[in-house]
Amino acid sequence: MGIIEKAPLYVEKIPGGGIVITSAEGLLNWSRASSLWYLLFGLACCAIEMMATGASRYDFDRLGMFFRASPRQADLMMVCGTVTHKMAKRIKILYDQMAEPKYVLAMGGCACDGGPFYYDCYSVLKGVDKIIPVDVYIPGCPPRPESLLQGALKVREKIYREKIKDFAGDIPPKQA
Amino acid sequence: MSDLIDNVPLTEEEFLLNMGPQHPSTHGVLRLVLKMRGEFIEDVIPHIGYLHRSIEKIAENRTYAQFMPYTDRIDYCASMPCNLAWALTVEKLAGIEAPPRAQYLRVIMTELNRIASHLIYLGVMSLDLGAFTPFLYAFREREMILDLFEMTCGQRLTYNYMRIGGVSRDIPPDFASKCREFTRIFRKRVDDYEAILTNNPIFLTRTKNIGILPIKVGLDYGASGPTIRGSGHNWDIRKAEPYSSYDKFDFKVPLGKNGDVWDRYIVRVQEMRESCNIVDQALDGLPEGDIKAKVPGVFKPPAGEVVMRIEAPRGEMGYYVVSDGTTKPYRVKIRTASFGNLQVLRYLSRGYKIADLVAIFGSLDVVLPEVDR
Amino acid sequence: MNKDQIENKLATRFGSAVEILKTKFPEPCMYIVIDKYIEVCKFLRDDPELAFEFLFSLAGVHYPDRFEVVIHLSSSKHVHQLVAKVKLPLENPKIPTLSGVWEAANWYEREAAELFGIVFNGHPDPRPLLLYDDWNYGYPMRKGWTGPDFIPMPDKSKGADE
C-alpha cells in the first residue's frame, strides 16, 4: 500500500488532483465492500443465527460475503456470542492475525456489553469492545437474521465513507 | 550428494498438535491437544471452559421463574427440552402437575425441537465431511420449524416457552394445519437426505467401522442418548420413566448395531421420523382445557432436594435443585448430555487419523455451552 | 427394586455406615460415611440386583456448616435411581476419588475441585477444567465469594435505590 498511502498527499496538491483521488477512493471502497469475507467465529447461540443467515433463506452470498475459516483470509470478524475471559486472549490473537483493512461486528447482547450475563457472573467479559475496536453493534438475544443483514449493510456503508487519508500518514518532513 | 538423501533412515517422533479454540469443525470453542505419532493420534486431551458462563452461580440469585430464560442458553440448539426439564424439576419439588393440554403442547414443542436439533447435526456433520448440499437442505427444513415456533411464542432460537405449571401461550388457530403440512413434507425430505448420504460410497468409507463404542465403556464414561443407542443399548427415558404424558404415544426407539459413526447417524435420522409420528399423534389427541396450573405469584417451594431428568436430543439432561424454602434456589446443578459424551472422545479416537477424528467428533453431537455451562 | 427394598438391602449390608433419609420422592436418599465411601460405591455398581452402572452426576454443595458431595446413580437394567451424599468438614475437605469406580466421575470431580475447593485424593488428572489458567481468586461457587469483574444484581425491591 506504499504508493496508495502517499499518493493522495502529493496528488491533491496538483490542480484537479482531488477528482483523481475521490475516484480512486470510490473504486477501492466499492471493491472492498462488495466482497467482504467473514471469519467463521461463532461462539454461542448467535452462531446458529449466523449460520442460518448464511444458509438458503437469508443468504449472505448475495452480498458477496462468504465464510472463511482462517483469519488471514478474512476481512470481517463477526463476534457472535458470549466472550469469556478465557477466550478473550485468543480473540485478541485472532484479531491481530487479520490483515488490514479489517472490521469487527459485535452480534448479540453478549458481545455488545455482556447481555444477560452481566450480573452475578465471574467469567464473562462484559462486551468485546473492551479488547478490540468494534465497528457495528447489533443488539438482540439472538438478533434475527434480518438484523444481522442490516448490520452487514451498515458495515458496507461505513466502508463507502472511508478515505485513503485515514490509512495514510502525514507527509514525512523533508530531511534537510 | 545423493548419500544425504538415500541412506538416511526415516524416524517418527511424537509431537503435539493444537486444534485450537477457533476451528471450523470443533462446533464451538473447544481446544483439542493431539499427541500424534506421524499421522496417527495417540491421545486427545480436550481443554474446555472457553464458554463457561457460570449459569449455576447466576441461578442462586434469580427466582425460579426468572431462571427459565437462562435454561434456554444452556443448549441453544434444543432449548425447549432444557426449559421442560427445569419446569418438570420445580414441579416435582413443589408437587404441581401441569394440566393435560399443557402436557400435550409440551410434547409437541419438544419433539419439533428434537427434529430441529437433529437437522443441525445433519447439516454440520456433512459440512465437516465435505458435503455442502445437505447443510443447505437441513437449514431450509429447519426454517419451516422455526416459522412454527415463531407463530407460537415469537422467538426463533431461545424460546422461554414453558412456565412452571404449564406453558406460556396457547397455539394459534392455524398452527395445527401448518404443523401437519410440515410433517407431511418432512417425511419425504428425510428420504431425500438418506438418498444423498446413507449409501453414498464416500460417506460409507468415512464412517463405517470408525469410532466403535462398546456399550459397557460408554456407560462407564457417562455417554447417553443416540451416542449409546447407536451401539445397541436400549435405553430411552421417554419409554423407561415417562414424563409429561409420553406414555400415551406409540413410537419406536431406533437402535444401532455396531456402534460406529454410521450407526449413530442412522439412529438420529430415524429418530426424526419417529418424532414426526409423535407430533401427529399429539395433534390428533390434543385435549381442551387450561394451559397452566395455578401457581402463586410469589412462588416458594418447600425446602428439600430434587433431581429430575429427561431425554434431550443429545442424551440425558437433568437438574439437581436444593431449595431452602425461599423464592430463590440454594444450589442448582445442571447435568447435561454433552458433558458425558465428550469424555468418550479420548477413548474413541486412539489410533485414528485426524480426518477420522473429525468424523468421530461430529457423530458425538457435542454442543459446547452444554459442556461448559 | 423399589425404594424400600434398596434401603433395606443397604441397611442390612452396611449397618451404620449408611444413614437413610426419609424423602417423599421415589429415589432412595442416604448419607454415606466417608471411610466406607468407595466400598459402598463399588457394591452399588457390582451387585447384580442393584447394578448402578451409570453415574448421572456428581455435585458439590456448600452449606454454612459443611460441604457435601452428592452423587446420583441410575441403572438401566432395573430402571431405578439412587442419591448418595457425603458430608465433609469446612476446613480442608478431602474425599477419595470415584474415577476408579466410574470413569465419568473424572471431569465432575475436576469441576467440583476448582469451583469449591474440595480435594479428591488419588485423582488421575487434577488440573482445573473450566476456569482460565492464571485464575487465583479463590473458589467461585462458595457462598459469599466476591472477586474481580463480579457485579452482583442491584436490589430492585421497593424502597431500594438504583
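On a predicted model such as this, the values are computed, not experimentally measured, just so you know.
Contact annotation for C/Leu55: only backbone heavy atoms (N, CA, C, O) come within less than 4.5 Å of a heavy atom of chain B. Neither the backbone nor the side chain of C/Phe52 comes within contact range of chain B; no heavy atoms are under 4.5 Å apart. Residue C/Lys77: no heavy atom, backbone or side chain, is found under 4.5 Å from chain B. Only the backbone of C/Pro140 comes within less than 4.5 Å of a heavy atom of chain B; no side-chain atom from C-beta onward does. For chain B, no part of C/Arg110 is nearby; none of its heavy atoms comes within less than 4.5 Å.
With chain C as partner, the option from B/Lys92, B/His47, B/His233, B/Arg309 having the largest number of non-hydrogen pairs under 4.5 angstrom is B/Arg309. Put simply, of C/Ala105, C/Ser99, C/Ser74, C/Cys29, the one with the most heavy-atom pairs under 4.5 Å next to chain B is C/Ser74. With chain C as partner, the option from B/Leu342, B/Val344, B/Asn61, B/Val217 having the largest number of non-hydrogen pairs under 4.5 angstrom is B/Leu342.
At a threshold of 4.0 Å, the pair B/Arg331-C/Glu68 does not count as salt-bridged, since none of the basic side-chain nitrogens sits closer than that to a carboxylate oxygen. Remark: C/Glu53 does not engage B/Lys216 in a salt bridge, criterion side-chain N to carboxylate O under 4.0 Å.
Between the CG atom of B/Leu219 and the CH2 atom of C/Trp102 there is a distance of 12.5 Å, given to the nearest 0.5 Å. Going from atom OG of C/Ser57 over to atom CE of B/Met317 covers 11.5 Å, rounded to the nearest 0.5 Å.
Ring centroids of B/Tyr330 and C/Tyr63 are separated by less than 6.0 Å, placing the two rings close together.
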Take B/Tyr320 and C/Phe56, measure what ring-ring contact (aromatic ring centres under 6.0 Å, His included) needs, and give me the verdict at the end.
CA-CA 11 Å; B/Tyr320 163 63; C/Phe56 181 68; 9.9 Å; no
